[in-house]
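Only one structure is covered here, and it is reproduced in the block below.
The analysis underlying the following values was restricted to heavy atoms, covering all of them including side chains, and did not include hydrogens, waters or symmetry mates.
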Amino acid sequence: MASYGDDGVELTELTLGPPGANARRARRARRSGRSSPSSSSMVQAYYVKVSMDGTPYLRKVDVAAYGDYLELVEALNDMFYCSSIGLMDGYGEWEHAVVYEDGDGDWMLVGDVPWEMFVSSCKRMRVMRACEARGLSSNA
C-alpha cells in the first residue's frame with residue numbers, strides 16, 4: 001500500500017467520516033440482525049435536522065439508528081443537555097415536546113404514528129414548549 005508522508009501510516013488505516021459514524025453503523029447492524037456492517041448491506045440512514053426553541057444551533061440526527069421513540073427522546077435530552085424533553089402521551093408532564101414535519105408539510109407530535117412510518121416520513125424535527133405543542137396532539 002502507498003504510505004502517507006514519511007511516518008509510514010497507510011492510507012487504509014485512516015478513518016474518514018463524522019465522529020460516531022462507526023457506532024451508528026454498528027447499532028444499525030445489531031438492530032437488523034447482522035453480525036458486522038458491510039458497505040453493500042448497509043441500512044438506509046435517515047438524517048433530519050433538529051432545532052430546539054431557545055437554542056442558537058441545530059443538530060442532525062439519524063432517526064433510523066434508534067429503535068423506538070423512547071431511545072430517540074433520550075438521545076435528544078443528551079444532545080441538548082436537557083432532561084425535560086418527553087413524549088406528549090399523557091403519562092408525564094414535560095416542559096418540552098418533540099414535533100416533526102412529515103412529507104406533506106404538516107407538523108405532528110412525535111409518537112402519534114407507528115415508529116416505521118415516522119422514520120420514513122420525518123423531514124425535520126423541532127423541540128418546542130409543551131404548552132405550544134398541545135394543539136398538535138391527536139388526542140387533545
Side-chain angles (χ1 to χ4, degrees):
M1 284 280 149
S3 294
Y4 181 74
D6 294 330
D7 55 4
V9 175
E10 293 186 14
L11 292 177
T12 58
E13 294 176 9
L14 298 175
T15 303
L16 302 175
N22 289 335
R24 286 190 299 275
R25 283 188 201 113
R27 186 179 345 185
R28 277 195 299 268
R30 278 195 311 273
R31 186 163 296 114
S32 64
R34 290 187 218 105
S35 58
S36 64
S38 65
S39 60
S40 63
S41 63
M42 288 292 295
V43 175
Q44 175 71 30
Y46 292 97
Y47 287 97
V48 297
K49 290 182 182 176
V50 182
S51 64
M52 182 172 180
D53 290 356
T55 59
Y57 53 87
L58 299 172
R59 298 287 187 172
K60 208 168 195 183
V61 175
D62 178 10
V63 293
Y66 302 99
D68 60 9
Y69 290 116
L70 295 178
E71 282 184 34
L72 176 64
V73 168
E74 184 178 311
L76 291 174
N77 276 312
D78 292 341
M79 254 182 242
F80 290 106
Y81 304 106
C82 182
S83 62
S84 63
I85 302 172
L87 296 175
M88 298 285 291
D89 55 5
Y91 294 111
E93 290 297 321
W94 300 101
E95 189 175 335
H96 294 93
V98 186
V99 297
Y100 73 99
E101 183 180 12
D102 65 1
D104 297 331
D106 298 325
W107 285 95
M108 300 176 59
L109 281 172
V110 166
D112 277 354
V113 297
W115 175 254
E116 293 78 18
M117 185 184 294
F118 165 75
V119 170
S120 64
S121 67
C122 181
K123 299 300 177 203
R124 61 181 170 156
M125 288 189 289
R126 178 180 167 206
V127 179
M128 63 190 321
R129 293 230 171 250
C131 59
E132 296 174 15
R134 293 210 196 285
L136 298 173
S137 176
S138 62
N139 54 5

Exercise for the section: Could you check Val61 against Leu76 for side-chain contact (heavy atoms from CB on, under 4.5 Å), going step by step and ending with a plain yes or no? Expected result: CA-CA 9 Å; Val61 175; Leu76 291 174; 4.3 Å; yes

Handout entry: Distance, nearest 0.5 Å, that separates CZ of Arg124 from CD of Glu101
Key = 4.5 Å

Handout entry: Aromatic plane relationship, Tyr57 with Phe80 - under 30° parallel, 30 to 60° tilted, over 60° perpendicular
Key = parallel

Exercise for the section: Check for a donor-acceptor pair, side chain of Asp102 on one end and backbone N or O of Asp104 on the other, with a separation under 3.5 Å. Expected result: yes

Practice task
Working to the nearest 0.5 Å, report the span between CG of Asp68 and CD of Glu116.
Solution key: 10.0 Å

Practice task
Specify the closest pair of heavy atoms between Met125 and Trp107, including all atoms of both residues, with the distance to one decimal.
Solution key: C-CZ3, 4.5 Å

Handout entry: Transitive ILVMFWY side-chain link Leu58 to Val48, under 4.5 Å
Key = no

Problem - Residues forming a side-chain hydrogen bond (donor to acceptor under 3.5 Å, both in side chains) with Arg59, sequence neighbours excluded - result: none

Completion exercise
For Glu95, the side chain to side chain contact (heavy atoms under 4.5 Å, CB included) test, sequence neighbours excluded, returns Ser84, Arg129

Exercise for the section: Compare all side-chain heavy atoms of Tyr100 with those of Lys123 and state whether any distance is below 4.5 angstrom. Expected result: no

Practice task
Calculate, to the nearest 0.5 Å, the distance between atoms CH2 and CG belonging to Trp94 and Asn77 respectively.
Solution key: 7.0 Å

Practice task
Would you please name every residue forming a side chain to side chain contact (heavy atoms under 4.5 Å, CB included) with Val119, sequence neighbours left out?
Solution key: Tyr46, Val63, Ala64, Trp115

Exercise for the section: Would you name the heavy atoms of Val73 and Gly86 that are closest together and state the gap between them? Expected result: CG1-CA, 3.9 Å

Handout entry: Close side-chain approach of Met108 to Val113, heavy-atom, < 4.5 Å
Key = yes

Completion exercise
When rounded to the nearest 0.5 Å, the distance separating NE2 of His96 from CD of Glu132 is 9.0 Å

